[in-house]
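A short write-up of the structure that comes next.
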Number of protein chains: 2
Amino acid sequence: MLSNACKYAIRAMIYLASRQSEDVKVNIRDISAEVDSPEPFTAKIMQALSKQGFVSSLKGPTGGFYLETKQAETTLLEIVKAIDGTQVLDGCGLGLKTCSDAHPCPIHQEYSHVRQHFNDMLENNTIIGLAQAMHGSNSVLKNILTI
Amino acid sequence: MLSNACKYAIRAMIYLASRQSEDVKVNIRDISAEVDSPEPFTAKIMQALSKQGFVSSLKGPTGGFYLETKQAETTLLEIVKAIDGTQVLDGCGLGLKTCSDAHPCPIHQEYSHVRQHFNDMLENNTIIGLAQAMHGSNSVLKNILTI
DNA sequence: ACAGAAAAAGATAAATTTATCTTAAATTTG
DNA sequence: CAAATTTAAGATAAATTTATCTTTTTCTGT
């Protein structure tokens, strides 16, 4: 559904949010270790997120990546759009360029509903919300991450 | 959501179903022209569908691909499983290997619902059903295909 | 039997995604 | 200021998906 790059991005941002209170910058090594993603590839993705303003960063010793309060409010939808684009969010289920409400493909209606469901889910979940939900739950990420 | 290969496969099978009544075998040239897919790539995909019993074929002049009555009853779910595998149907939304009901990732619940919705849609639609629904509608495929 | 038509199979190539490596720039600390 | 650390940026490589090409096999019609 989502590309690896996008999944890594989301996981990384949730991790950053979970450490937001510490007021500490996290380096790539820590991020990729905790999030279980290849280090140099993760660096590239963090770079992209940084360039687009989804995360903040600082170079040099004690530098690294971190989230500002506002950035932690980012929805999954925004991240998906930024990393994977909108194809998965609004494209035809059968890949037909000319598919539309007026000229629907055979699965247009039903697929639109599924897609809408997916969109809603992404839009209704913020990074900070997911990070907080992990506290006190037995979430997978909680075991991988060190909260 | 689905790979190109899978979309081509579904479109091709709908096309075959739409010509099923003619009791005619359709060659690759016709299929890829009507379905708007690259010819040699489509040939590969049809080969795979044939090898797995989703379509029938006959070599030689007047040969080509066709559907038997039972094959037209194939659901989209079966095709997706055969071409794309089950990852998109049951994999974790964030790509975590250890995600499960017992140890859910932060979006586990909501993502499971979306996925289930997608699964249901695929399972409730047969190739023949979609082909028939196109008759008398203004479906996109109907304009591309020659029914 | 023969010629032509078509799928099957296998090898190859292009494009994209995923991943890595190397160098440069910035920042902190001693 | 110098050294160490870290992101940024750019070049390269591997893997996968997408696409093409070539040869072989099978079948039909004459």
Side-chain angles (χ1 to χ4, degrees), chain A residues 1-13 16 19 23-33 35-68 71 80 82-85 87-88 91 95, chain B residues 1-13 16 19 23-33 35-67 71 80 82-85 87-88 91 94-95:
Chain A
M1 205 91 97
L2 300 176
S3 70
N4 283 351
C6 193
K7 292 177 201 161
Y8 296 156
I10 292 171
R11 275 147 58 181
M13 284 196 65
L16 288 186
R19 300 201 48 179
D23 198 32
V24 151
K25 283 136 202 114
V26 189
N27 66 31
I28 284 289
R29 219 165 324 111
D30 287 356
I31 294 176
S32 51
V35 147
D36 191 26
S37 58
E39 203 175 303
F41 190 40
T42 308
K44 276 293 174 213
I45 294 162
M46 295 311 293
Q47 236 176 79
L49 289 175
S50 169
K51 196 179 288 186
Q52 298 186 66
F54 290 111
V55 304
S56 298
S57 70
L58 206 67
K59 293 184 184 180
T62 78
F65 296 94
Y66 61 99
L67 295 184
E68 287 163 36
Q71 291 170 328
V80 170
I83 305 289
D84 281 353
Q87 176 59 37
V88 71
Chain B
M1 205 90 98
L2 300 176
S3 70
N4 283 351
C6 193
K7 293 177 200 164
Y8 295 156
I10 292 172
R11 275 147 59 180
M13 285 196 65
L16 288 185
R19 300 202 48 179
D23 199 31
V24 150
K25 283 137 202 109
V26 189
N27 66 30
I28 284 289
R29 220 165 323 112
D30 287 357
I31 294 176
S32 50
V35 146
D36 190 27
S37 59
E39 203 175 304
F41 190 39
T42 308
K44 275 293 172 211
I45 295 162
M46 295 310 294
Q47 235 177 79
L49 289 175
S50 170
K51 196 179 287 184
Q52 298 186 65
F54 291 111
V55 304
S56 298
S57 70
L58 208 66
K59 293 183 184 181
T62 79
F65 295 94
Y66 60 100
L67 294 185
Q71 291 170 328
V80 171
I83 304 289
D84 281 352
Q87 176 60 37
V88 70
L94 296 183

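Numbers restart at 1 for each chain; the letters A, B, ... are given by sequence-line order, proteins then strands. Here the structure is a predicted model, which is why all the values come from computation and not from measurement.
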**side chain to side chain contact (heavy atoms under 4.5 Å, CB included) between B/Arg11 and B/Asp36, worked out** = CA-CA 9 Å; B/Arg11 275 147 59 180; B/Asp36 190 27; 3.9 Å; yes
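- One can place CD1 of B/Ile83 at 12 Å from P of D/dT17, the figure rounded to the nearest angstrom.
- Remark: the backbone N or O of B/Ser3 is paired with a side-chain donor or acceptor of B/Asp84 at under 3.5 angstrom.
- Not a single side chain to side chain donor-acceptor pair (under 3.5 Å) links B/Asn27 to another residue, sequence neighbours left out.
- Going from atom CZ of B/Phe65 over to atom P of C/dA7 covers 5 Å, rounded to whole Å.
- The two residues A/Glu39 and A/Ile28 make their nearest non-hydrogen contact at CG-CG2, 3.5 Å.
- Nucleic acid contact class of B/Val55 (heavy atoms, under 4.0 Å, all strands): none.
- Dashed line: the shortest gap from a side-chain N or O of B/Ser57 to OP1 or OP2 of C/dA8 is under 4.0 Å.
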**Request:** Would you please test B/Ile10 and B/Ile83 for side chain to side chain contact (heavy atoms under 4.5 Å, CB included) and show each step?
**Result:** CA-CA 10 Å; B/Ile10 292 172; B/Ile83 304 289; over 6 Å; no
Using atom types as modelled, flag every donor-acceptor pair under 3.5 Å from a side chain in residues 40-48 of chain B to any protein atom, sequence neighbours excluded.
residue: B/Thr42; atom: OG1; partner: B/Ser37; partner atom: OG; Å: 2.7
residue: B/Thr42; atom: OG1; partner: B/Pro38; partner atom: O; Å: 2.5

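- Atom CZ of B/Arg19 is separated from atom CG of B/Asp30 by 6.5 Å, given to the nearest 0.5 angstrom.
- Atom CD of B/Gln47 is separated from atom C1' of D/dT22 by 13 Å (rounded to the nearest Å).
- Consecutive pairing runs in DNA chain D reach the stem threshold at C:1-30 with D:1-30, where a stem means at least three Watson-Crick or G-U wobble pairs with distances under 3.5 Å.
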**Fill in**
Going 5' to 3' through nucleotides 18-30 of chain C and flagging B where a protein heavy-atom sits under 4.0 Å of the base, S where only the sugar-phosphate is that close, and - otherwise, we get SBB----BBBB--
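- Summarising the geometry, the separation between CG on B/Asn27 and P on C/dG4 is reported as 18 Å, rounded to the nearest angstrom.
- A/Ile28 places its CD1 atom 13 Å from the C1' atom of D/dT5, with the value rounded to the nearest Å.
- Proximity of B/Ser50 to the phosphate of C/dA8: a side-chain N or O atom is located under 4.0 Å from OP1 or OP2.
- In this structure, A/Asp30 atom CG and D/dT6 atom P are separated by 9 Å, rounded to whole Å.
- Regarding B/Lys25, its NZ atom lies at a distance of 12 Å from the P atom of C/dA7, rounded to whole Å.
- Closest approach of B/Leu49 to B/Met13, counting heavy atoms only: CD1-CG, 4.0 Å.
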Residues 51-66 of chain B side chain polar contacts: donor-acceptor under 3.5 Å, at least two apart:
residue: B/Ser56; atom: OG; partner: B/Glu68; partner atom: OE2; Å: 2.8
residue: B/Ser56; atom: OG; partner: B/Gln71; partner atom: OE1; Å: 3.0
residue: B/Ser56; atom: OG; partner: B/Gln71; partner atom: NE2; Å: 3.0

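- Note: CD1 (A/Ile45) to P (D/dA9) measures 16 Å, nearest angstrom.
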